[in-house]
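Here is the naming used below: chain letters follow the sequence lines, and residue numbers restart at 1 for every chain. These values consider heavy atoms only, across backbone and side chains, with no hydrogens, waters or symmetry-generated copies.
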There are 2 protein chains.
Amino acid sequence: MRGRAELLPGLAEVFREHGYEGASLSLISRATGLGKGSLYNLFPEGKAEMAACVLAEIDGWFEANLYAPLRAAERPAAAVSAMFDAVETYFRSGQRVCLVGVVALGSERDRFAGAVRCYFARWIAALAGALTRSGREPAASLALAEEVVAQIQGAIVLARALDEPAVFSRAMTALRIRVAAAG
Amino acid sequence: MRGRAELLPGLAEVFREHGYEGASLSLISRATGLGKGSLYNLFPEGKAEMAACVLAEIDGWFEANLYAPLRAAERPAAAVSAMFDAVETYFRSGQRVCLVGVVALGSERDRFAGAVRCYFARWIAALAGALTRSGREPAASLALAEEVVAQIQGAIVLARALDEPAVFSRAMTALRIRVAAAG
DNA sequence: CAGGGTTTGTACCGATCGGTACAAAGATGG
DNA sequence: CCATCTTTGTACCGATCGGTACAAACCCTG
């Protein structure tokens with residue numbers, strides 16, 4: 001037997017590629033190599049629970065790898081730069097979609113509204129904090145943090161729409177420069 | 001009988017709210033008030049044709065209301081400002097989703113790849129042209145245009161994720177200021 | 001009003017949806 | 001090795017999916 005934790009990454013990929021509605025149990029079964037029996041044994045509440053767990057896993061990953069470092073950084077500017085590194089790697093230059101963003105746009109938004117809001121709110125807050133500690137005004141930091149997170153999401157959309165990963169990389173580079181400039 | 005044109009807006013709303021896969025024929029039937037017989041009479045190729053027509057309609061609207069004015073403007077700065085007005089109205093401060101962006105993120109992206117790419121490429125090109133004619137370097141104009149379009153898409157995601165339309169309005173205001181600043 | 005083509009609703013198709021039931025198979029503890 | 005409990009595959013459930021068939025209703029033109 002495998003625990004839930006070790007199949008969450010594969011599960012996440014199915015949701016990313018097909019969305020919540022499009023991720024059918026047969027797709028999930030194929031992707032995980034588990035039959036329905038096993039899936040419903042691990043996730044008694046079915047697909048909704050799978051998606052909730054995946055969102056929680058993603059949230060945990062961002063918390064550990066982006067938000068916490070941003071909050072704890074002694075050198076905030078370096079932490080922000082590290083965040084961009086992590087973002088570029090995680091989203092594979094825009095070829096990998098942000099599942100939380102996809103959920104936010106989809107019809108199942110209300111079901112996961114809490115998790116979605118929390119993910120973005122904490123991202124913005126952590127980034128804004130780091131920007132403030134690197135010398136910017138708090139209000140300007142918050143505004144810039146919002147812009148940065150939105151730009152990342154938009155760059156994913158645009159890179160996929162144009163089928164041009166370079167768009168994503170260019171956007172990240174431009175953001176680095178804007179953030180490095182004095183507030 | 002009603003022609004295809006007059007039910008495209010309602011059809012578009014169904015696709016926006018439920019995505020391509022989620023927009024079932026029964027939903028479409030209810031939203032348009034037409035039975036399957038009528039729908040397949042108007043769109044012999046079924047759902048795919050409906051979606052293609054909706055995308056074409058959206059593309060036409062943006063061409064007429066945003067791209068063409070941007071290209072033809074004698075006062076490019078005013079045209080850019082008018083574009084932001086149109087965007088804020090069209091997307092209802094981020095409460096209405098960009099169907100083309102949703103398709104770009106979804107699994108049916110390949111099916112509509114041409115239309116999606118065309119929509120965004122023309123938007124960026126028209127905006128970059130206006131920015132150039134208002135005195136910016138061509139390369140800088142292109143980069144800024146890309147950023148602006150990405151920011152709009154990201155602001156929609158963020159406004160919906162946080163369930164806070166003000167996020168969208170703030171983002172648009174910030175973009176206006178950035179664009180108005182000297183290149 | 002009659003004829004002919006179009007538009008419409010409805011019944012139906014096989015496939016698949018999310019979910020359940022349950023018995024065989026596997027692991028675990030004594 | 002047996003008894004017990006968990007994990008697994010498979011068959012099955014009603015509902016709904018996208019799509020088709022087709023006859024009744026409708027609208028023109030004569």
Rounded off to whole Å, could you give me the [atom1]-to-[atom2] distance for the [X] and [N] pair?
X	N	atom1	atom2	result
B:F43	D:dT20	CZ	C1'	18 Å
A:I28	C:dC17	CD1	C1'	12 Å
B:K36	D:dG19	NZ	P	9 Å
A:L42	D:dG9	CG	P	11 Å
A:E45	C:dT20	CD	P	10 Å
A:M50	C:dC17	CE	P	13 Å
B:E21	C:dG18	CD	P	11 Å
A:E108	C:dG18	CD	P	12 Å

Checklist entry - Is the B:Y119 ring parallel, tilted or perpendicular to the B:F62 ring (thresholds 30°, 60°)? => result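 Taking B:F62 first and then B:Y119, their aromatic rings stand perpendicular (interplane angle over 60°).
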
Next on the checklist: Under a plain distance cut-off of 3.5 Å, with no hydrogens placed, do B:E21 and B:S107 share a side-chain donor-acceptor pair?
Outcome noted: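 Yes - a donor-acceptor pair under 3.5 Å links their side chains.
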
Let's see if you can work this out: which of [options] has an atom nearest to the side-chain heavy atoms of [X]?
X	options	result
A:K47	C:dG19, D:dG18, C:dG9	C:dG19
B:S38	C:dT8, D:dG18, D:dC17	C:dT8
A:Y40	D:dG18, D:dC17, C:dT20	C:dT20
B:S26	C:dT20, D:dC17, C:dC17	D:dC17
B:N41	C:dT20, C:dT7, C:dC17	C:dT7
B:L25	C:dG9, D:dC17, D:dG19	D:dG19

Item to check | Candidate list B:V14, B:L7, B:L25, B:L8, test side chain to side chain contact (heavy atoms under 4.5 Å, CB included), partner B:M50, passing option | outcome: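 Only match with B:M50 under side chain to side chain contact (heavy atoms under 4.5 Å, CB included): B:L25.
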
Checklist entry - Checking all strands, does B:A23 fall into the base, sugar-phosphate, or nothing category for heavy-atom contacts under 4.0 angstrom? => result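 Here B:A23 touches the backbone only, sparing every base.
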
Checklist entry - NA contact type, A:G46, heavy-atom cut-off 4.0 Å: base, sugar-phosphate, or nothing? => result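 The residue A:G46 makes sugar-phosphate contact but no base contact.
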
Item to check | First of A:P44 and A:L27 reached from the 5' end of DNA chain C, by closest nucleotide | outcome: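 Residue closer to the 5' terminus by nearest nucleotide: A:L27.
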
Next on the checklist: Please determine whether a side-chain nitrogen of the Lys or Arg among B:R117 and A:E164 lies less than 4.0 Å from a carboxylate oxygen of the Asp or Glu.
Outcome noted: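 Result for this pair is no, no salt bridge flagged.
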
Item to check | Polar side-chain atom of A:S29 near backbone of A:K36 as donor-acceptor pair, under 3.5 Å | outcome: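 Not at all, since once roles are kept as given, no pair shorter than 3.5 Å links the two residues.
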
